[in-house]
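Let me begin by presenting the structure, written as structure tokens, before commenting on it.
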Amino acid sequence: LGLASESAAEGDRNHMMLKNAVDQFALYISSASRGNIFAITSLAQMCIDDLIPESRYEHILNILVGCAEQNPFLPPDGNTSVKKLAHALWYHAAIHGGHMVAQISLADELMCQYMKVKDDLSTAEQESLLSIAAFLFTVASVQGYDATLPLARLTDVECHRLNGIGIVPPSEEFFASPVIKILSNVNG
């Protein structure tokens, strides 16, 4: 019994030494650079949670720049904040992998962003953020995600936004809103 517990303790120590010796960020970055959607989604979450060192910014940016699509969430030149790469990573994972977690995460983050800066955005920018969120929640819903609450929240936000610019239901302008059109297709 003593030898078994001593062996188990030694195994745990070796496991911890190995775990400490492995650079988890390098593994995720390497896997993401090969197109692993899970790794890309995980990197996005680590970025938004401030777990990735800023020294990894160029490595992660190179993954995104090397992709063929036009990623509207790539940060502008000169920005070196790893946190700002989360949206671009989620976008890539949502578009290329149809990854429900990435779709929901990006849609939630866009809703939060909208709520924080809506007064500083033009009407077109507001509509764009909410349209993308509506689309992502809808796609996740088709994949089995219960989007009832986020879509209801988004409907309330869009109704409030439209009210603020003088558009009220059941007017033609109300139903012409791209966000309302997307939401109507989900519920209808």
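Keep in mind it's a predicted model, so treat the numbers as computed, not measured.
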Which heavy atom of [X] sits nearest a heavy atom of [Y], and at what distance?
X: A134; Y: V179; result: CB-CG1, 4.4 Å
X: K181; Y: A176; result: CE-O, 3.7 Å
X: W90; Y: A102; result: O-CB, 3.6 Å
X: S131; Y: I182; result: O-CD1, 3.6 Å
X: D120; Y: E125; result: O-OE1, 4.4 Å

Taking atom [atom1] of [X] and atom [atom2] of [Y], what is their separation to the nearest 0.5 Å?
X: S105; Y: L110; atom1: OG; atom2: CG; value: 10.5 Å
X: E109; Y: C112; atom1: CD; atom2: SG; value: 5.5 Å
X: L43; Y: I48; atom1: CG; atom2: CD1; value: 12.5 Å
X: I60; Y: I29; atom1: CD1; atom2: CD1; value: 4.5 Å
X: L89; Y: L106; atom1: CG; atom2: CG; value: 10.5 Å
X: E158; Y: N163; atom1: CD; atom2: CG; value: 10.5 Å

Practice problem: For the pair H87 and F73, name the ring-plane relationship: parallel under 30°, tilted 30 to 60°, perpendicular over 60°. | Solution: tilted

Quiz item: T123: what forms a side-chain contact (heavy atoms from CB on, under 4.5 Å) with it, not counting sequence neighbours?
Solution: R161, I165

Do [X] and [Y] have side-chain heavy atoms sitting under 4.5 Å apart?
X: R56; Y: P53; answer: yes
X: F174; Y: V168; answer: no
X: Y114; Y: Q126; answer: yes
X: S177; Y: I167; answer: no
X: Q113; Y: K118; answer: no
X: L74; Y: L61; answer: yes
X: I52; Y: L85; answer: no
X: F137; Y: D108; answer: yes

Test item: [X] side-chain N/O and [Y] main-chain N/O as donor-acceptor pair under 3.5 Å:
X: E54; Y: V82; answer: yes
X: Q45; Y: S42; answer: no
X: D49; Y: L51; answer: no
X: S128; Y: A124; answer: no

Quiz item: Can you hop from V101 to V142 via hydrophobic side chains spaced under 4.5 Å?
Solution: no

Quiz item: Given the rule that I, L, V, M, F, W and Y join up when any side-chain heavy atoms are under 4.5 Å apart, are L130 and M115 in one cluster?
Solution: yes

Self-check item: Full working for side-chain contact (heavy atoms from CB on, under 4.5 Å) between V139 and M100
Solution: CA-CA 8 Å; V139 171; M100 185 175 18; over 6 Å; no

Self-check item: Sequence neighbours excluded, every pair satisfying side-chain hydrogen bond (donor to acceptor under 3.5 Å, both in side chains) that has a member inside residues 25-40
Solution: S30-R34, S31-N36

Quiz item: Just wondering, are more than 12 heavy atoms of other shown residues or ligands nearer than 6.0 Å to CZ in F135?
Solution: no

